[in-house]
Amino acid sequence: MGRPRQFSRDGVLAKALPVFWKYGFARATLPDIELATGVNKSGLYAEFESKDELFLACLKHYFSTRAGGALLVAEPLGWDNIQKFLEQAPTCTLDQKGCFSVNSMRELTCLPPEARKLIMENRQRLKRSLKVNIAAESPKMDIDAVCDLVSVFLSGLCIEANLNSDRSHLRQKIESFMQMLRAA
């Protein structure tokens, strides 16, 4: 009979996620993950078959613990929800900058296929939520076009958050963007 586990799966995910967030999938190394989690290689591979599976589990953990989606279903629907979501999206959590999902999209071609699928499904859910809020405001522009603008702005905002930790700078961009949307 083997020794009992000395760690929790959720604990490992919470500690491995910042490694993937900081270095990306391709550059995160097993020694980096071992150091961050305090779990050796054999323990990690006993719980997760591979680095691919660990990354996928971290991605699922990230999606399940982020509260941003709840902001987009609050009543009343509309621009205020989108603004609150944009303000929260690039929040530096776990001492990381930007958004783990957006950061991961930069490596889409080298990610495990299931991770790519998960990111794309999450992106589609996000777009559906954005469209409902946009439709509630009855914009003059096509709802799909406005949704695409918000989606691209969100990605750019999250990438820029990696470069600049000045939250007031991002807030000013969001304010300007929201003024433009409200006029659309």
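Everything numeric in this text was worked out from a predicted model, so none of it was measured. Hydrogens, waters and symmetry mates play no part in the numbers below; they use all other heavy atoms, side chains included.
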Is Val73 reachable from Ile82 through a run of hydrophobic residues whose side-chain heavy atoms are each under 4.5 Å from the next?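 Not linked; separate clusters.
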Is there a path of hydrophobic side-chain contacts, each under 4.5 Å between heavy atoms of I, L, V, M, F, W or Y residues, that connects Val12 with Leu35?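 No, Val12 and Leu35 fall in different hydrophobic clusters.
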Side-chain donor/acceptor of [X] to backbone N/O of [Y], under 3.5 Å:
| X | Y | value |
| --- | --- | --- |
| Arg9 | Phe48 | no |
| Lys51 | Phe25 | yes |
| Asn81 | Ala74 | yes |
| Glu137 | Gly78 | no |

Taking atom [atom1] of [X] and atom [atom2] of [Y], what is their separation to the nearest 0.5 Å?
| X | Y | atom1 | atom2 | answer |
| --- | --- | --- | --- | --- |
| Leu149 | Leu130 | CG | CG | 11.5 Å |
| Leu30 | Thr37 | CG | OG1 | 8.5 Å |
| Leu86 | Leu157 | CG | CG | 6.5 Å |
| Arg128 | Asn133 | CZ | CG | 14.0 Å |
| Leu126 | Phe85 | CG | CZ | 4.5 Å |
| Ile143 | Asp148 | CD1 | CG | 12.0 Å |

Can you list everything that forms a side-chain hydrogen bond (donor to acceptor under 3.5 Å, both in side chains) with Glu107? Sequence neighbours excluded, please.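 Applying side-chain hydrogen bond (donor to acceptor under 3.5 Å, both in side chains) to Glu107 gives none.
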What residues form a side-chain hydrogen bond (donor to acceptor under 3.5 Å, both in side chains) with Thr29, not counting sequence neighbours?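 Asp32.
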If you define the side chain from C-beta out and look only at heavy atoms, does anything of [X] sit under 4.5 Å from [Y]?
| X | Y | answer |
| --- | --- | --- |
| Arg27 | Val19 | no |
| Gln88 | Arg66 | yes |
| Val39 | Glu34 | no |
| Asp52 | Glu114 | no |
| Lys41 | Pro31 | no |

Starting from Leu77, walk the hydrophobic network (Ile, Leu, Val, Met, Phe, Trp, Tyr; side-chain heavy atoms closer than 4.5 Å) and list everyone else you reach, by chain and number.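 Besides Leu77, the hydrophobic cluster comprises Val132, listed by chain and residue number.
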N/O donor-acceptor pairs under 3.5 Å from side chains in residues 173-184, not counting sequence neighbours:
from   : atom 1 : to     : atom 2 : distance (Å)
Lys173 : NZ     : Glu160 : OE1    : 3.1
Lys173 : NZ     : Glu160 : OE2    : 2.9
Glu175 : OE2    : Gln83  : NE2    : 2.8
Ser176 : OG     : Gln172 : O      : 3.2
Arg182 : NH1    : Gln83  : OE1    : 3.2
Arg182 : NH2    : Asp80  : OD1    : 2.8
Arg182 : NH2    : Gln83  : OE1    : 3.4

Minimum heavy-atom distance between Tyr45 and Glu49, given as atom pair plus value: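 Closest approach of Tyr45 to Glu49, heavy atoms only: CD2-O, 3.5 Å.
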Please find the pair of heavy atoms, one from Phe55 and one from Ala115, that lie closest to each other, and give the distance.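 Smallest interatomic distance, heavy atoms only, reads CE2-CB, 3.9 Å.
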Could you check Asp10 against Ser8 for side-chain hydrogen bond (donor to acceptor under 3.5 Å, both in side chains), going step by step and ending with a plain yes or no? CA-CA 5 Å; Asp10 284 344; Ser8 75; over 6 Å; no
Which side-chain N or O atoms in residues 98-106 pair as donor and acceptor under 3.5 Å with protein atoms at least two apart or in another chain?
from   : atom 1 : to     : atom 2 : distance (Å)
Asn103 : OD1    : Asn162 : ND2    : 2.9
Ser104 : OG     : Phe100 : O      : 2.8
Arg106 : NE     : Asn103 : O      : 3.4

Could you tell me whether the side chains of Asn40 and Ser42 share a donor-acceptor contact shorter than 3.5 Å?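 Short answer, yes.
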Taking 4.0 angstrom as the limit, do Glu87 and Arg171 come out as a salt bridge?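 Between Arg171 and Glu87 there is no salt bridge, as every charged N stays at least 4.0 Å from the carboxylate O atoms.
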Derivation and outcome, side-chain contact (heavy atoms from CB on, under 4.5 Å), residues Leu13 and Tyr62: CA-CA 9 Å; Leu13 295 176; Tyr62 175 77; over 6 Å; no
Could you walk me through whether Ile33 and Lys15 pass side-chain contact (heavy atoms from CB on, under 4.5 Å), step by step? CA-CA 8 Å; Ile33 296 166; Lys15 292 175 182 174; over 6 Å; no
For Ala145, all residues meeting side-chain contact (heavy atoms from CB on, under 4.5 Å), sequence neighbours excluded: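 Testing Ala145 for side-chain contact (heavy atoms from CB on, under 4.5 Å), a comparison that skips the adjacent residues, returns Met141, Asp142.
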